[in-house]
Amino acid sequence: MATAAVCRMLVIMAIILVAGRVSADPDMLQDICVADLASAVKVNGFVCKSNTSADDFFSTLLANPGSTNNTFGSLVTGANVQRIPGLNTLGVSLSRIDYAPGGLNPPHTHPRATEIVFVLYGELEVGFITTANVLYSKTIKNGEIFVFPRGLVHFQKNNGIVPAAVIAAFNSQLPGTQTISTTLFGASPSVPDNVLSKAFQITIPEVQNIKSKFAPK
Ligand code: MN
């Protein structure tokens, strides 16, 4: 075979290998592995249960708006492996996020997944920040899509006067969420005041005031 042809073949094989790794989660090793959420056995994911049915792959969780009557004026309803056990090992999940007028899904990250949102209705200001501290921001409305790369801090804000909602898809069965403010000011045990004071260049009483708003419930 000519050298050029071999090179072309190697490039094509490399592309196929890379394209095959579309999920952030590990690959599955069998058709299904419905999570046994009650098992005490710890593995990477959940162990498989033996009695399974179509209901393990079904949910009405996202059919209706969630209540946004809270401090941030938004609610994330997760349809992940913890609620849909059939998702175990499959590397995908969804959420629905509802926003009251003025509602904010505060800056947060998903350590295990990229997120892509589709606006059901309303209008949102969305954005993510790269590790170079560059903000990528846009206003999106019903029918439109925006992508938040894995691990990057991002947010959505409803600046409108009517409610908004999105469906969010993730390439993980359990993306995980760390909300920056809650993680730093609501951790238990508490992050030392002097760490937060120095990190944010604010006084200890200011740290304690913010902590009081994020005290673990
Ligand atoms: Mn998110």
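Excluded from the calculations below are hydrogen atoms, water molecules and symmetry mates; all remaining heavy atoms, backbone and side chain alike, are included. Whatever order the structure lists ligands and atoms in, that order sets their numbers, starting from 1. All of these numbers come straight from a predicted model, not from anything done at the bench.
With sequence neighbours excluded, the residues satisfying side-chain contact (heavy atoms from CB on, under 4.5 Å) with Leu174 are Asn80, Val81, Gln82, Arg112.
More than 12 heavy atoms of other residues, nucleotides or ligands lie within 6.0 Å of CZ in Phe214, so this atom counts as buried by the packing criterion.
Looking at Asp56 and Lys49, their side chains come closer than 4.5 Å, going by heavy atoms from C-beta outward.
Between the side chain of Gln173 and the main chain of Thr89, a donor-acceptor pair closer than 3.5 Å is present.
Ser172 and Asp25 are linked by a side-chain donor-acceptor pair at a separation below 3.5 angstrom, with hydrogens and angles left out of the test.
Here 4 is the count of protein N, O or S atoms positioned under 2.8 Å from the Mn ion (ligand 1), waters not counted.
Ring geometry, Tyr136 versus Phe128: the interplanar angle falls under 30°, so the pair is classed parallel (tilted spans 30 to 60°).
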